[in-house]
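Shown next, in structure tokens, is the structure this report addresses.
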Amino acid sequence: MRSHLCGDLRAENVGGIVTLCGWVGRRREHGEHLAFLDLRDFSGVVQCVVDNKVDVRSEWVVQIKGKVNLRPAGTVNENLPTGKVELTDCEIQVLNNAEPPPFPIDQRGDDVDENVRLKYRYLDIRRERMQKNLRLRAAVNSAIRKSMESQGFTEIETPLLMPSTPEGAREFLVPSRNEPGSFYALPQSPQLWKQLLMVAGLDRYYQIAKCLRDEDLRADRQYEFMQLDAEMSFVDKDDVMSMISTAVVAAAKAATGVEPPPIERMSWHDAMNNYGSDKPDIRFEMKLIEMTKTFSSTSFKAFAGAESIKGICVRAAEFPQQAASGRNKLDALTDRAKKMGAKGLVWIKVGEVNALDSPVAKFFSADEQSALLSQTGAKSGDLILIVADSWSTTCNVLGQLRNDLGRPPVHEGPYRYVWVVDFPLFVGVNPTTNKPQPGHHPFCHPHPEDLDRLETDPLSVRALAYDLVLNGWELGSGSIRIHEPDLQRRVFRQLGISDTDADTRFGFFLQPFKYGAPPHGGFAFGIDRLVAILAGEENIREVIAFPKTQSGSDPMTNAPTTVNAAQLQELGIRLLPPAAK
RNA sequence: GGUCCCGUGGUGAAGUUGGAGUUCACGCCGCCCUGUCAAGGCGGAGGUCGCGGGUUCAAGUCCCGUCGGGACCGCCA
């Protein structure tokens, strides 16, 4: 139907007769003898010169046969790749007419309410921004596949219908028709399958896999999302990190044209200690400053005896607005700190000649005051925030405040990838069972150097686990897995899962490990998140063709919907009446 | 489950101390216009101010509730 694409026409095509297909963009009418219309397809826009008798309107679908001409001197449009040429002697065939679109199919669509964009997603995707994002996504997928294949990985598809394993994220359930009362679960990730593929001797597996989690949605979370899922045998964690780095770097280069520098590493402890987060955004400083010793003999009661005292310094030179926060804002920060579990928040404004302006400054000795200034390097106009609490609370609260005050939008500035390594095997204690909780998942291999403390001091045991972080977003995580049945039982016992429990819940998964499981490990990272950041978007919905809203609905299809009684009957499902109010 | 922000013709906004569905830009329809490119000029149509209640002589505006959207906390092994 067409000989060329709209966006491809250049001066070299001048003189040629071409046939184009596309949508009518804007029309500029100059009386009955002259009108310009912009013809648009996915490749771009070209100007067609017509008389004003053809009745074509915005978003009509047309086929135009015409002659490519140089534009007359003075009428070149430098802003358009096709701006040197135009189509003349146009024969227009209307392939389909169209109602006026509910919003402009151009940049102005960016300002339209997202609900409206999603209701008419097929029109939203006609816009350049979405076309660009979706094609960028395809380029990233393609680069990842190439990279994984060149590193010897084999793409294997794994089932979407699998048994429920209630640990971890809430699952989507699918009722079975053949066995009423029984359910499949949709995979939170292909975790179990890929480990079985290692037992099966597949050696290196990967998949760009759909994962489903029935948890509340966020800017970086959808019910359905895509992961690069990979697993490999006979490797250590450096092998895994190196291969995933290779794939990520290849994807980033395909998307941006620039190869990122080698990805740096940081221990989990350093990340928490210095940035107050296990997904540190290292695009900006405002690091946590250690002050426990400074106040070790303080007479200020809120600080006395605290396990950990740390502060952040909000520098007026970098963050003038935040550093100058007024009482309302400081109270709000204090509330935020308290909601996160801190007993309080001490704020200190540094005035002229190092005068400390704070409700509690009078409780600090002269030595403490000068140490405070020298440690933070605070200057006039800066704001210091201090938390005194347990180490983890202090770090978490200050890390959150650091992000609140200093973090730029995720897509701004440089790409700062960082591997966070040496995660603890267990994070905290389950308040109901009084047992440690897995930091990653229960199949994660403890650090060999810490194995002797697994029973005596489990919370101090490190895991062979690692996260990949980009600009403060967790892209993904991985670990070396436990391949020894004995060690797996020891870890389960720490988690409060008895041998018989383990057999009931994970039997199908544990049984195979008795038949010669190779040492193995792997990784998975979120494609949606990576693509969003590389596309300069701060929200993964912008790189997903048909996403859900924050409440999990689709304004276009109205999903989720009720189903008819016969469908429920067939599945053996009876609904409860709506909860009484 | 919780906190905060938003909801006004098709789209985006403005709407003051409560005083007539008022205003602006784009789009749409019609007319004019031979070099525009977010063309320009003139005219016109188009709204249950998300929905429900309350206060008031009077509510887009104040209060309560509710629905929808967004950001975040919880949650996401």
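A, B, ... follow the sequence lines: proteins, then strands. Residue 1 opens every chain. Quantities reported herein were computed from a predicted structural model and do not represent experimental measurements.
Counted by atom type alone, Gln47(A) and Asn77(A) present zero donor-acceptor pairs between their side chains at under 3.5 Å. Judged by distance alone, the side chains of Arg27(A) and Asn52(A) do bring a donor and an acceptor atom under 3.5 Å apart. Remark: the His447(A) side chain and the Arg453(A) side chain contain no N/O donor-acceptor pair separated by less than 3.5 Å.
Annotation: cation-pi pair Arg529(A)/Phe225(A) absent, no NZ/CZ under 6.0 Å from the ring centroid and within 45° of its normal.
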Legend entry - Letter per nucleotide, 5' to 3', of nucleotides 24-36 of chain B [B base touched, S only sugar-phosphate touched, - untouched; heavy atoms, 4.0 Å]: --SS-SS--BBBB
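Atoms NZ (Lys338(A)) and P (rU3(B)) sit 18 Å apart, rounded to a whole Å. Atom P of nucleotide rG69(B) and atom CG of Asp554(A) are separated by 11 Å, given to the nearest angstrom. When the C1' atom of rC37(B) is taken as reference, atom CG of Asp106(A) falls 12 Å away, rounded to whole Å. Across the protein-nucleic acid pair, Asp124(A) atom CG and rG69(B) atom P stand 16 Å apart, rounded to whole Å. When rounded to the nearest whole Å, the span between OH of Tyr120(A) and P of rG12(B) equals 12 Å. In this entry the distance linking CG of Asp335(A) with C1' of rC4(B) reads 13 Å, nearest Å. Rounding to whole angstrom units, CZ of residue Arg117(A) and P of rG12(B) are separated by 11 Å. Residue Asp113(A) contributes atom CG, which lies 18 Å from atom P of rC5(B) at whole-angstrom precision.
The residue among Thr549(A) and Gln191(A) whose nearest nucleotide of RNA chain B is located toward the 5' end is Thr549(A).
The separation of rG44(B) from rG7(B), taken at their P atoms, amounts to 30 Å, rounded to a whole angstrom. Atom name C1', nucleotides rU36(B) and rA20(B): the rounded distance is 43 Å, in whole Å. Look at the C1' atom in both rU55(B) and rC64(B): the space between them is 11 Å, to the nearest Å. Here, rA45(B) and rA58(B) have their P atoms 32 Å apart, quoted to the whole Å. The same atom, P, is picked in rC76(B) and in rG69(B); the two are 23 Å apart, to the nearest Å. Using atom C1' as the reference point in both rA25(B) and rU66(B), the two lie 33 Å apart (nearest Å). Taking atom P on both nucleotides, rG53(B) is separated from rA59(B) by 13 Å, rounded to a whole Å. If you take atom C1' in rG18(B) and the same atom in rC24(B), they sit 23 Å apart, rounded to whole Å.
Look at rU11(B): its Watson-Crick or wobble partner, with both distances under 3.5 angstrom, is rA25(B). Summarising the base pairing, rG68(B) is matched to rC6(B) through a Watson-Crick or G-U wobble pair whose two defining distances lie under 3.5 Å. In this entry rC57(B) has rG19(B) as its Watson-Crick or G-U wobble partner, both defining distances falling under 3.5 Å. A 3.5 Å limit on both hydrogen-bonding distances identifies no Watson-Crick or G-U partner for rG35(B).
Among the protein residues, Asn115(A) comes within range of the sugar-phosphate backbone only, with heavy atoms under 4.0 Å from sugar or phosphate atoms but none that close to a base. No engagement by Thr165(A) is indicated, since no non-hydrogen atom pair under 4.0 Å with the nucleic acid exists.
The aromatic rings of Phe492(A) and Phe506(A) lie parallel to each other, with less than 30° between the two planes, well short of the 60° mark.
Taking each heavy atom of Ala524(A) and Asp229(A) in turn, the nearest pair found is CB-OD1, 3.5 Å.
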Inset, instruction - List the steps, then state whether side chain to side chain donor-acceptor pair (under 3.5 Å) holds for Ser189(A) with Gln227(A). - result: CA-CA 8 Å; Ser189(A) 81; Gln227(A) 283 196 337; 5.2 Å; no
Legend entry - Worked check of salt bridge (charged side-chain N to carboxylate O under 4.0 Å, His left out) between Asp106(A) and Arg108(A): CA-CA 5 Å; Asp106(A) 59 28; Arg108(A) 286 168 297 178; 2.7 Å; yes
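Ion pairing between a basic and an acidic side chain is recognised when a charged N comes within 4.0 Å of a carboxylate O; Arg40(A) and Glu59(A) show such pairing. In summary, Asp124(A) and Arg121(A) engage in a salt bridge, as defined by a charged side-chain N under 4.0 Å from a carboxylate O.
For the atom pair CD (Gln488(A)) and SG (Cys444(A)), the distance works out to 10.0 Å, reported to the nearest 0.5 Å.
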With the criterion being N/O to N/O and under 3.5 Å, what pairs connect the protein with nucleotides 71-76 of chain B, and how long is each?
{"residue": "rA71(B)", "atom": "OP1", "partner": "Arg541(A)", "partner atom": "NH1", "Å": "3.4"}
{"residue": "rA71(B)", "atom": "OP1", "partner": "Arg541(A)", "partner atom": "NH2", "Å": "3.1"}
{"residue": "rA71(B)", "atom": "OP2", "partner": "Gln550(A)", "partner atom": "NE2", "Å": "2.7"}
{"residue": "rA71(B)", "atom": "N7", "partner": "Gln550(A)", "partner atom": "OE1", "Å": "3.3"}
{"residue": "rC72(B)", "atom": "OP2", "partner": "Ala219(A)", "partner atom": "N", "Å": "3.3"}
{"residue": "rC73(B)", "atom": "OP2", "partner": "Arg218(A)", "partner atom": "NE", "Å": "3.3"}
{"residue": "rG74(B)", "atom": "N7", "partner": "Arg218(A)", "partner atom": "NH2", "Å": "2.9"}
{"residue": "rG74(B)", "atom": "O6", "partner": "Asp216(A)", "partner atom": "OD2", "Å": "3.4"}
{"residue": "rG74(B)", "atom": "O6", "partner": "Arg218(A)", "partner atom": "NH1", "Å": "2.9"}
{"residue": "rG74(B)", "atom": "O6", "partner": "Arg218(A)", "partner atom": "NH2", "Å": "3.1"}
{"residue": "rG74(B)", "atom": "N1", "partner": "Asp216(A)", "partner atom": "OD2", "Å": "2.5"}
{"residue": "rG74(B)", "atom": "N2", "partner": "Asp216(A)", "partner atom": "OD2", "Å": "3.3"}
{"residue": "rC75(B)", "atom": "O2'", "partner": "Glu215(A)", "partner atom": "OE1", "Å": "2.6"}
{"residue": "rC75(B)", "atom": "O2", "partner": "Arg221(A)", "partner atom": "NH2", "Å": "3.0"}
{"residue": "rC75(B)", "atom": "N3", "partner": "Arg221(A)", "partner atom": "NH1", "Å": "3.1"}
{"residue": "rC75(B)", "atom": "N3", "partner": "Arg221(A)", "partner atom": "NH2", "Å": "3.0"}
{"residue": "rC75(B)", "atom": "N4", "partner": "Arg221(A)", "partner atom": "NH1", "Å": "3.2"}
{"residue": "rC76(B)", "atom": "O2", "partner": "Arg221(A)", "partner atom": "NH1", "Å": "3.2"}
{"residue": "rC76(B)", "atom": "N3", "partner": "Arg221(A)", "partner atom": "NH1", "Å": "3.3"}

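The shortest distance between the side-chain N/O atoms of Ser551(A) and the OP1/OP2 oxygens of rG69(B) is below 4.0 Å.
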